[in-house]
Amino acid sequence: MKPRAYVETSVISYLSAKPSSDLIVAGHQQITVDWWKTAADSLDLVASELVFQEASAGDKVAARLRIGTLDCLELLEITLETVELAETLVKSAAIPEKAAEDALHIAICATNGIEFLVTWNCRHIANATLRSGIERVCRAAGFEPPIICTPEEMAGNYGGDLD
């Protein structure tokens, strides 16, 4: 059985957006496209109803492109257990209150036993200073936290060839 990786909304956005004029963002977009091409060969890719909702927002044309990317992914449901863990992540200050939806992405992964959470959100999710708090809260609630990483960190072992 392949490991499962939750694809957070920022990854879906980078996959479907027109190339950015910002060199760093453009680089992240290309890394994401390269990773995506082969990631499903070694991972079971999943998302959630929350990713679908976030991808559906904004410009209608761009939203259609983002939603189209989700067609091939299983969408995980948001359960009461998931909401409770997300609330605990916020109440404990592992995730800032203003980023409650980001806590929900983490909780979806933890409550569903997802091994990896792949994101470009380095402010509130893939943030080294928040990681220990996230892991502590998840484990205290009886869940193994996902390994939170970017597509760049996943390349090599789990899709993409960045050499």
Side-chain angles (χ1 to χ4, degrees), residues 1-20 25-87 89 95 99-127 130-131 134-135 138 141 143-162:
M1 189 162 140
K2 296 190 275 188
R4 293 184 300 166
Y6 178 92
V7 182
E8 188 265 338
T9 316
S10 61
V11 174
I12 300 300
S13 294
Y14 276 30
L15 279 172
S16 59
K18 55 186 169 185
S20 175
V25 173
H28 289 171
Q29 288 173 314
Q30 188 60 55
I31 288 167
T32 303
V33 168
D34 292 344
W35 172 74
W36 186 260
K37 287 177 186 174
T38 59
D41 294 343
S42 53
L43 295 163
D44 284 330
L45 301 174
V46 300
S48 68
E49 295 171 359
L50 176 59
V51 172
F52 185 85
Q53 290 169 5
E54 291 176 341
S56 299
D59 179 82
K60 299 294 182 202
V61 174
R64 268 195 301 272
L65 291 171
R66 290 189 297 267
I67 291 168
T69 304
L70 294 170
D71 283 344
C72 62
L73 304 182
E74 173 189 357
L75 296 183
L76 303 172
E77 294 181 13
I78 299 169
T79 64
L80 178 59
E81 184 176 57
T82 302
V83 172
E84 290 172 349
L85 179 57
E87 289 172 351
L89 284 162
I95 298 292
E101 286 187 345
D102 295 335
L104 196 51
H105 287 295
I106 295 164
I108 291 166
C109 291
T111 59
N112 283 280
I114 304 298
E115 289 90 340
F116 298 101
L117 190 167
V118 186
T119 183
W120 281 112
N121 179 340
C122 297
R123 178 166 291 198
H124 300 125
I125 300 178
N127 182 312
L130 300 177
R131 185 164 293 142
I134 292 167
E135 292 174 353
C138 288
F143 300 103
E144 186 60 25
I147 296 168
I148 300 171
C149 53
T150 66
E152 184 171 23
E153 293 173 299
M154 293 295 285
N157 290 332
Y158 294 109
D161 183 11
L162 301 180

| query | Under the 3.5 angstrom rule, does the side chain of Asn112 hit a backbone N or O of Ile114 as a donor-acceptor pair? | reply | no
| message | A side-chain contact here means heavy atoms from C-beta on lying under 4.5 Å apart; do Trp35 and Glu153 qualify? | response | no
| Is the side chain of Thr111 donor-acceptor paired with the backbone N or O of Ala107 at a distance under 3.5 Å, no angle test? | yes
| message | So does His105 get a backbone contact from the side chain of Glu8, meaning a donor-acceptor N/O pair under 3.5 Å? | response | no
| request: To the nearest 0.5 angstrom, please state how far the CG atom of Leu104 sits from the OG1 atom of Thr82. | output: 7.0 Å
| said: Please give me the minimum heavy-atom distance between Ala26 and Ser20, naming the atom from each residue. | reply: CB-O, 3.5 Å
| query | Checking Arg66 side chain against Thr9 main chain: does a donor-acceptor pair fall under 3.5 Å? | reply | no
| task | Supply the atom-to-atom distance Ile148 CD1 to Ile134 CD1, rounded to the nearest 0.5 angstrom. | result | 4.0 Å
| request: Kindly give the heavy-atom pair with the smallest separation between Pro3 and Ser42, and that separation in Å. | output: CD-O, 3.5 Å
| message | So does Ala99 get a backbone contact from the side chain of Arg123, meaning a donor-acceptor N/O pair under 3.5 Å? | response | no
| query | Taking atom types as modelled, is there a side-chain donor on Ser13 or Ser10 under 3.5 Å from an acceptor on the other? | reply | no
| Under a 4.5 Å cut-off applied to non-hydrogen side-chain atoms, are Thr150 and His28 in contact? | no
Show which side-chain atoms of residues 44-51 pair as donor or acceptor with protein atoms under 3.5 Å away, not counting sequence neighbours.
residue: Ser48; atom: OG; partner: Tyr6; partner atom: OH; Å: 2.7
residue: Ser48; atom: OG; partner: Leu50; partner atom: N; Å: 3.2
residue: Ser48; atom: OG; partner: Val51; partner atom: N; Å: 3.2

| said: Counting C-beta onward and ignoring hydrogens, is there a side-chain heavy-atom pair between Val83 and Glu87 closer than 4.5 Å? | reply: yes
| field | Minimum heavy-atom distance between His124 and Leu130, given as atom pair plus value | value | O-CD1, 3.6 Å
| remark: Heavy-atom nearest pair, Ser56 first then Ala63, reads O-CB, 3.5 Å
| query | Any idea which heavy atoms bring Thr119 and Pro151 closest together, and the distance? | reply | O-CD, 3.8 Å
| query | Is there side-chain contact between Pro145 and Ile106, with at least one heavy-atom pair below 4.5 Å? | reply | no
| said: Trp36 and side-chain contact (heavy atoms from CB on, under 4.5 Å): which single residue from Val118, Ile31, Thr69 fits? | reply: Thr69
| request: Look up atom CD in Glu54 and atom CD1 in Ile67, then write down how far apart they are to the nearest 0.5 Å. | output: 12.0 Å
| query | Are Gln29 and Val33 side-chain neighbours, meaning at least one heavy-atom pair lies under 4.5 Å? | reply | no
| Straight-line distance of Thr38 OG1 to Met154 CE, nearest 0.5 Å | 10.5 Å
| message | Show the nearest heavy-atom pair for residues Phe143 and Ala110, with the distance to one decimal. | response | CD2-O, 3.6 Å
